[in-house]
Amino acid sequence: MKLSVTARLALLAFGLILVSNLALVALVWNQIHNNAMSTLRRDTLEQSDVFAGLVRSGGPTAIAKAVSDAYGRGDDALIAMVVDGEGRRLAGRGPSTADIAPVEFTTFRIIRIANGPPWFRREAGIAIRPVGRYWLVSGRLLDDWQQEQRAIERALALAALLSLVLGCIGGLVLTRYVTRRLDRVAGVVEAVAGGDLSRRVDLAAAGGDAFDRLAARLNAMLDKIERLMTELRVMTDSVAHDLRSPLARLRSKAESAMTQADPAARDAALGGLIAETDIVMRMLTMLLEIGRSEAVSRDRLITIHPADLVEEIADLYAPVAEEAGMRFSVETDGIPLPMALHRELMSQAITNLIDNALNHASEGGSITLRLLARPESLQFQVEDRGPGIAKADHDQARRRFGRLDGARTTPGAGLGLALVEAVARLHGGHLALADNQPGLIAAIIIPLSAADAFG
C-alpha cells in the first residue's frame with residue numbers, strides 16, 4: 001500500500017522522535033547507573049577500611065559493636081562480618097555461610113551473597129580483604145538501591161512515553177503545517193495548469209523560510225510565464241496584422257510585374273517586390289533574434305571589456321552617421337571593469353539603438369554613444385536630438401510590434417526596442433528611456449550585482 005505524503009511525514013517525525021527519545025533515555029539511565037555504582041563502590045571501600053581498622057585494633061569481636069550501632073541507626077542493608085577461609089561467619093552481621101568460598105581478596109563486586117533465606121536472591125555490593133588469618137567481608141545489600149533504580153526507570157519510561165505522545169502531537173501539527181503550505185503551492189500549480197495564469201502563492205508577512213522562498217521563486221516563474229504568454233498572444237496577433245499589409249503589397253507588386261509589358265516598368269515593379277520581401281525578412285529575422293535572446297542560457301556569457309565593445313561599434317557606425325550628415329561621438333564616464341556579457345546579443349542591442357537614432361534623428365543632428373560606469377550599474381546609452389518619445393508612450397515603444405503613430409510611415413515592424421529589452425533582461429537589467437530635451441536617451445542598464453552573479 002502506497003502511503004500519502006502526509007502519512008510519510010508523520011511516520012518520519014514519529015520515527016525521529018522515537019529514536020531521539022530512546023537515545024536520551026538510554027543516556028540518562030546509563031549516567032545515573034554509573035554514578036550510583038561509583039558511589040556504592042566508594043562507600044563500600046571506605047566502610048571496608050573502617051571495619052578493617054576495628055578488627056585490627058579490637059579483634060573480630062570488635063566488629064559486632066560497630067554493626068550493632070549501625071542497626072541502631074536503622075541501617076538494615078549493612079553487611080559487616082569476619083569469616084574463615086570457607087566463608088563461615090565468625091562475627092558481625094551477614095549470612096551464616098557466605099557464598100564466597102574459596103575466599104579471595106577483591107576490592108569490590110556485586111554478588112548474591114548466600115543461597116538460603118533470608119538472603120536468597122538478594123544481591124550485595126561487597127569488598128573482601130584479609131585481616132590476620134581471617135577475612136573481612138563488608139558491603140551493603142542492594143535492595144534499596146534496586147528500588148531506587150526501578151523508580152528511576154519507571155520515571156524515565158513515563159517521561160519517554162509522555163515525550164512520544166507530545167512528539168506525535170507535534171509531528172501531526174508539523175505535518176499539517178507542511179501539508180497546508182504544500183497544498184497552497186499545489187493549488188496554484190493546478191489553477192495555472194487549468195489556464196488561470198493570474199494565480200500566485202500567498203507569502204507570509206514576515207516569511208523567510210524554505211516555503212516562502214519556494215513560493216517567491218514560483219511566483220517569479222509564473223510572472224515570467226504570464227508575461228511571455230501575453231507577449232506570445234500579442235506577437236501572434238501583431239504578426240498576423242503586420243504581415244497582412246506587406247504580403248498584400250507583395251502580391252500586388254507581383255501581379256503588377258507580371259502585367260507590365262515595358263521592361264523598365266517591370267524592373268521597377270520587381271525592385272519594389274524585393275524591397276517588400278526585405279521588410280518581411282527583417283521582421284522575421286528580428287523575431288528570431290528576440291526568441292534567441294530570451295532562450296539563450298547565461299552560461300553563454302563571457303567576460304569582456306565593455307569599453308572595447310563600445311569602441312568597436314563606434315568604429316563601425318561613425319562613417320555611417322557621417323554619410324547621413326550627423327555627428328557621431330563616443331564618451332566614457334568612469335572606468336568600466338570587465339564583466340560577463342553576451343557579446344553578439346549586446347552588440348545587436350546597441351546597434352539597434354543606434355539604428356533607431358539614425359532613422360529618427362534630424363539630419364544635421366548628433367548621436368552620442370555613452371558608456372557610464374556607476375558603483376552599482378553599467379549603462380550603454382545612446383543619445384540623439386530627434387523628436388524623442390513622449391513619456392506616456394515609453395511602454396508602447398518597448399512592446400513587440402509597438403509602433404507609435406509618428407513611426408508608422410517609416411519601414412519597420414516595431415521590434416527593435418523589444419529586442420533591446422530582451423537582451424537587457426538576459427543580463428539581469430532593463431531598458432530605460434528618457435527625454436534628451438530634445439531627443440531621446442535610450443540606456444541599457446545592467447546592475448553590477450547581476451553581472452557578478454552571471455560571471
Side-chain angles (χ1 to χ4, degrees), residues 21-160:
N21 283 338
L22 291 178
L24 180 61
V25 167
L27 177 64
V28 172
W29 185 89
N30 186 67
Q31 189 68 28
I32 293 175
H33 180 271
N34 290 340
N35 290 341
M37 291 300 296
S38 297
T39 302
L40 179 62
R41 177 186 179 89
R42 184 184 67 250
D43 293 345
T44 299
L45 294 178
E46 290 176 355
Q47 175 185 286
S48 178
D49 291 338
V50 171
F51 286 136
L54 290 175
V55 173
R56 291 191 185 95
S57 61
T61 57
I63 200 172
K65 185 177 184 308
V67 172
S68 177
D69 293 341
Y71 273 105
R73 295 191 299 269
D75 192 357
D76 297 336
L78 178 65
I79 296 175
M81 59 183 180
V82 177
V83 301
D84 61 15
E86 298 301 322
R88 291 185 291 271
R89 186 185 67 204
L90 302 178
R93 180 181 186 269
S96 57
T97 301
D99 190 18
I100 55 175
V103 183
E104 58 184 9
F105 172 78
T106 180
T107 55
F108 177 79
R109 65 176 175 174
I110 295 177
I111 64 171
R112 290 182 177 178
I113 195 167
N115 294 322
W119 309 94
F120 183 60
R121 292 183 178 176
R122 299 176 70 182
E123 291 185 335
I126 63 171
I128 304 174
R129 62 193 303 170
V131 285
R133 65 177 185 276
Y134 303 111
W135 296 87
L136 172 64
V137 179
S138 64
R140 308 189 66 80
L141 291 172
L142 301 184
D143 297 350
D144 295 340
W145 183 82
Q146 289 174 342
Q147 290 178 1
E148 293 176 358
Q149 286 288 102
R150 284 192 289 272
I152 292 172
E153 290 170 0
R154 286 194 296 269
L156 290 175
L158 180 61

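- Under the salt bridge (charged side-chain N to carboxylate O under 4.0 Å, His left out) criterion, D43 pairs with no residue at all, not counting sequence neighbours.
- Interatomic distance, I126 CD1 to Q47 CD, rounded to the nearest 0.5 Å: 11.0 Å.
- Not a single side chain to side chain donor-acceptor pair (under 3.5 Å) links N115 to another residue, sequence neighbours left out.
- A127 and L45 get closest at one heavy-atom pair: CB-CD2, 4.3 Å.
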For R109 and I128: C-alpha separation, side-chain torsions, deciding distance, then whether side chain to side chain contact (heavy atoms under 4.5 Å, CB included) applies. CA-CA 9 Å; R109 65 176 175 174; I128 304 174; 3.9 Å; yes

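- From L156, atom CG reaches atom CH2 of W29 across 10.0 Å, with rounding to the nearest 0.5 Å.
- At least one donor-acceptor pair closer than 3.5 Å links the side chain of S38 to the backbone N or O of N34.
- Separation of atoms CD1 (I79) and CG (L141) is listed at 4.0 Å; rounding is to 0.5 Å.
- With contacts defined as side-chain heavy-atom distances shorter than 4.5 Å, the pair L78/R140 qualifies.
- In terms of heavy-atom proximity, D99 sits nearest to R112 at CB-O, 4.0 Å.
- Atom CD of E86 and atom OG1 of T97 lie 9.5 Å apart (nearest 0.5 Å).
- Atom CD1 of I32 and atom CG of N35 lie 8.0 Å apart (nearest 0.5 Å).
- Counting heavy atoms from C-beta on, the side chains of P95 and M81 come closer than 4.5 Å.
- Side-chain atoms of F108 and L40, non-hydrogen and from C-beta on, do get closer than 4.5 Å to each other.
- Between the CG atom of L54 and the CG atom of D49 there is a distance of 11.0 Å, given to the nearest 0.5 Å.
- Across every non-hydrogen atom of R129 and S48, the tightest pair is CD-OG, 2.9 Å.
- The number of heavy-atom neighbours closer than 6.0 Å to CZ of R150, taken from other residues, nucleotides and ligands shown, is above 12.
- The minimum heavy-atom distance linking F105 with P130 is given by the pair CD1-CD, 3.8 Å.
- For R88, the side chain to side chain donor-acceptor pair (under 3.5 Å) partners at least two apart in sequence or on another chain are D84.
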